[in-house]
Every structure is written in structure tokens, then in C-alpha cells.
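Beneath this line is the structure, given in C-alpha cells, with notes to follow.
Values reported hereafter were calculated over all heavy atoms of this structure, with side chains retained and with hydrogens, waters and symmetry mates removed. Heads up: numbering here begins at 1 and tracks the sequence.
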Amino acid sequence: MVKNTMKPMIKCANCGRMVPANPRIKNQNYCNRKACQRVRKNKWKQSKIASDPDYKKDQRDCHKQWIEQHPGYYQNYRKQNPDYCDQNRELQKKRDKKRRSKRSCKRDALKHFSDIKPGTYKLIPFNKKRDALGGQIIIIPRR
């Protein structure tokens with residue numbers, strides 16, 4: 001009887017390499033390269049922060065404590081890395097533009113309501129539940 005000596009292979013979700021699967025790791029998706037493990041850990045951390053408010057608070061507190069222990073770190077980093085600042089400035093412009101485009105609306109969106117005159121109106125619902133889905137508008141004349 002001949003034993004199958006072929007190890008199962010997985011495709012790394014980060015680098016795309018085909019690597020032998022580690023039998024001790026169920027549902028393995030990443031290879032053992034440092035860069036791939038860093039990506040795996042960062043994804044885990046992001047999902048943990050999104051799903052666990054206590055973990056998110058702990059991370060925020062830890063970061064605040066680090067900032068207090070390293071005053072001026074970010075100012076010095078920006079001075080020493082002007083390319084980072086330029087790249088961040090361009091990315092922020094894109095984010096701002098995207099945000100503005102989501103908030104904007106068409107100027108003529110309410111054009112068909114231009115016939116409504118200012119005054120007092122009474123809304124009478126069509127059904128007894130008095131929901132806002134349908135109704136009749138009656139104009140109450142001024143005296």
C-alpha cells in the first residue's frame with residue numbers, strides 16, 4: 001500500500017502564492033510570510049474593532065496614552081516626511097470631493113412643488129390608522 005505524501009496546498013489571500021497548508025491551522029487563508037501575516041492581523045483587528053465596543057475603547061485609550069508619552073511625534077513625522085503630507089493632502093481633497101458630491105442635490109428636484117402657495121393646509125388621511133402614506137390636502141382660506 002502506497003501512502004499519499006502530497007500535502008494539501010492553499011492559495012494565500014494576500015500574495016496569491018500556492019503554499020503547503022499547515023495541518024494545525026483550520027481554514028488557513030494566508031501563508032507564513034511576515035507581510036501576509038501583518039495583513040491577516042490587521043484585518044482581524046479591524047473586524048474586532050467594528051464588532052466589539054470594549055476592544056475599540058481599549059485601543060483608543062491605549063493610543064491616547066501613547067500620544068501622551070510621545071509628545072510632538074506627529075509634528076516631527078510630518079516635518080521629516082513631506083511626501084507623506086503631499087500624498088495625504090491629495091487623498092483628503094478626493095475624500096472631500098466625494099463627501100460633497102453625496103450631499104449635493106439637484107436644484108430642480110422640487111420644481112413640481114412650485115404651484116403650492118403659502119398658507120394653511122389640513123391633511124386628511126385616507127384610512128383610519130392616520131398614517132402618512134396617503135391623504136387629501138384641503139386649503140383653508142385666509143380670513
From [atom1] ([X]) to [atom2] ([Y]), nearest 0.5 Å:
X: N29; Y: C36; atom1: CG; atom2: SG; value: 11.5 Å
X: K64; Y: C62; atom1: NZ; atom2: SG; value: 12.0 Å
X: K45; Y: S47; atom1: NZ; atom2: OG; value: 11.5 Å
X: Q65; Y: H70; atom1: CD; atom2: NE2; value: 10.5 Å
X: N27; Y: I10; atom1: CG; atom2: CD1; value: 10.5 Å

Quiz item: Could you go step by step and tell me if K56 and D52 meet the salt bridge (charged side-chain N to carboxylate O under 4.0 Å, His left out) rule?
Solution: CA-CA 6 Å; K56 182 177 183 176; D52 187 350; over 6 Å; no

Quiz item: Which pairs, with at least one residue in residues 21-49 and sequence neighbours excluded, count as a ring-ring contact (aromatic ring centres under 6.0 Å, His included)?
Solution: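 The answer is W44-Y55.
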
Self-check item: Transitive ILVMFWY cluster of I25, excluding itself - 4.5 Å side-chain cut-off
Solution: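 None; I25 is a cluster of one.
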
Enumerate donor-acceptor pairs with a distance under 3.5 Å from any side-chain N or O in residues 85-92 to protein atoms, sequence neighbours excluded.
from : atom 1 : to  : atom 2 : distance (Å)
D86  : OD1    : R89 : NH1    : 3.0
Q92  : OE1    : R95 : NE     : 3.3
Q92  : OE1    : R95 : NH2    : 2.6
Q92  : NE2    : D96 : OD1    : 2.9

Practice problem: Quick one: list whatever passes side chain to side chain contact (heavy atoms under 4.5 Å, CB included) with K41, sequence neighbours left out. | Solution: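 So K41 forms no side chain to side chain contact (heavy atoms under 4.5 Å, CB included) with any residue.
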
Quiz item: Would Q59 and K48 count as a side-chain hydrogen bond (donor to acceptor under 3.5 Å, both in side chains) if you check the C-alpha gap in whole Å, the side-chain angles of each, and the deciding distance to 0.1 Å?
Solution: CA-CA 11 Å; Q59 291 295 307; K48 184 72 171 171; over 6 Å; no

Distance-only criterion, 3.5 Å: show the donor-acceptor pairs between side-chain atoms of residues 14-22 and protein atoms not counting sequence neighbours.
from : atom 1 : to  : atom 2 : distance (Å)
N22  : OD1    : R24 : N      : 3.0

Practice problem: Specify the closest pair of heavy atoms between C31 and C12, including all atoms of both residues, with the distance to one decimal. | Solution: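 Taking every non-hydrogen atom into account, N-SG, 3.4 Å.
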
Practice problem: With sequence neighbours excluded, give me every side-chain hydrogen bond (donor to acceptor under 3.5 Å, both in side chains) pair touching residues 72-82. | Solution: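 Every pair satisfying side-chain hydrogen bond (donor to acceptor under 3.5 Å, both in side chains) with a residue in residues 72-82: H63-Y74.
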
Self-check item: K98 and K94, any side-chain heavy atoms less than 4.5 Å apart
Solution: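 Counting from C-beta outward, K94 and K98 never come under 4.5 Å.
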
